[in-house]
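One structure is given here, and the rest of the page talks about it.
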Amino acid sequence: TVRVNLDLACTESYIEFLEKVDAWVIDQLVADSKNYFKKEMSKAEIASIYRPSYTAHEKNGVAYAPTMRTKINTVGPNAVKCWRPDKTLRELPNDWRDCTITPEVCPKNVWFMNGACGTLFEIKNASVEEAIEECPF
């Protein structure tokens with residue numbers, strides 16, 4: 001697969017940052033709503049169709065860390081560059097779930113689909129540390 005989703009757990013401070021990004025994007029959409037939506041729309045109307053940049057998660061009454069969805073290119077000239085903690089290039093991990101990632105996340109564009117919209121984020125570079133598998137014996 002050339003382009004894949006990578007969901008990242010968000011810290012509290014990053015959630016605050018994403019809320020500011022979302023507010024700014026909504027303001028930009030309101031300022032030129034006729035161009036984006038082919039009609040004038042109020043801030044409340046746009047906010048009602050805008051999908052936040054992070055998603056809160058809860059299961060069986062237990063809250064989990066909110067996540068943000070990002071995209072990565074795995075091959076080609078725009079492929080994500082992965083780095084070791086010593087700042088040397090490394091291959092992409094086989095399984096991202098077993099890694100601690102410090103990503104460089106870039107807002108790419110605003111998507112519009114089925115009456116909704118939101119901000120698309122892409123990872124260009126990431127510091128990646130894979131969990132060391134220990135012998136269970």
Side-chain angles (χ1 to χ4, degrees):
T1 305
V2 174
R3 191 161 170 83
V4 296
N5 294 328
L6 183 62
D7 290 351
L8 304 173
C10 297
T11 63
E12 182 99 16
S13 62
Y14 206 75
I15 290 170
E16 291 173 13
F17 170 73
L18 290 174
E19 288 172 346
K20 290 177 184 174
V21 169
D22 288 343
W24 182 84
V25 170
I26 289 170
D27 287 343
Q28 299 308 304
L29 293 172
V30 170
D32 199 10
S33 64
K34 192 164 185 160
N35 182 43
Y36 290 111
F37 303 102
K38 299 190 178 19
K39 63 181 180 178
E40 296 291 330
M41 291 181 70
S42 70
K43 187 172 187 170
E45 289 173 314
I46 293 175
S48 72
I49 63 169
Y50 185 84
R51 299 294 176 253
S53 296
Y54 69 92
T55 304
H57 299 283
E58 184 179 320
K59 186 174 182 181
N60 298 327
V62 177
Y64 295 92
T67 59
M68 74 175 297
R69 174 153 290 176
T70 65
K71 297 280 189 178
I72 60 171
N73 292 313
T74 58
V75 296
N78 295 319
V80 63
K81 289 184 176 71
C82 292
W83 303 87
R84 292 182 189 89
D86 67 1
K87 298 182 175 28
T88 58
L89 275 173
R90 56 157 287 161
E91 296 293 320
L92 274 65
N94 291 328
D95 189 346
W96 289 86
R97 294 173 294 182
D98 295 330
C99 300
T100 300
I101 303 164
T102 304
E104 176 188 55
V105 179
C106 304
K108 177 88 173 173
N109 59 29
V110 176
W111 57 264
F112 299 87
M113 189 178 352
N114 298 327
C117 60
T119 303
L120 175 77
F121 294 92
E122 190 170 87
I123 296 177
K124 300 284 187 182
N125 290 284
S127 174
V128 179
E129 289 184 70
E130 290 187 74
I132 297 171
E133 196 169 322
E134 293 183 22
C135 177
F137 302 104

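Everything numeric here is computed off the predicted structure, so don't read it as measured data.
Contacts of Thr88 classified as side-chain contact (heavy atoms from CB on, under 4.5 Å), with partners at least two apart in sequence or in another chain: Arg84, Asp86. Remark: Ser127 pairs with Thr102 by the side-chain contact (heavy atoms from CB on, under 4.5 Å) rule, at least two apart or across chains. For the salt bridge (charged side-chain N to carboxylate O under 4.0 Å, His left out) test, no residue two or more places apart in sequence or in another chain qualifies with Glu129. In terms of the side-chain contact (heavy atoms from CB on, under 4.5 Å) criterion, residue partners of Asp95 (sequence neighbours excluded) are, by chain and number, Arg97, Asp98. Under the salt bridge (charged side-chain N to carboxylate O under 4.0 Å, His left out) criterion, Arg51 pairs with no residue at all, not counting sequence neighbours. Under the salt bridge (charged side-chain N to carboxylate O under 4.0 Å, His left out) criterion, Lys124 pairs with Glu122, sequence neighbours left out. Shown here are the side-chain contact (heavy atoms from CB on, under 4.5 Å) partners of Ser13, two or more places apart in sequence or in another chain: Thr11. Residues that satisfy the salt bridge (charged side-chain N to carboxylate O under 4.0 Å, His left out) test with Lys43, not counting sequence neighbours, are Asp27.
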Would you mind writing out the side-chain donor-acceptor pairs for residues 56-65 within the sub-3.5 Å range, not counting sequence neighbours?
from, atom 1, to, atom 2, distance (Å)
His57, NE2, Thr55, O, 3.4
His57, NE2, Thr67, OG1, 2.7

Using residues 103-116 as the side-chain source, report each donor-acceptor pair under 3.5 Å to any protein atom, sequence neighbours left out, with the distance given to one decimal.
from, atom 1, to, atom 2, distance (Å)
Glu104, OE1, Asn125, ND2, 2.7
Trp111, NE1, Gly118, O, 3.4

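Counting only residues at least two apart or in different chains, ring pair (Phe, Tyr, Trp, His ring centres under 6.0 Å) contacts with residues 5-25 comprise Tyr14-Phe17. Sorted by first then second residue, the salt bridge (Lys or Arg N to Asp or Glu O under 4.0 Å) pairs that include residues 60-69, not counting sequence neighbours, are Asp7-Arg69.
Although no hydrogens or angles enter the test, the distance criterion places a donor-acceptor pair under 3.5 Å between the side chain of Asp22 and the main chain of Ser53.
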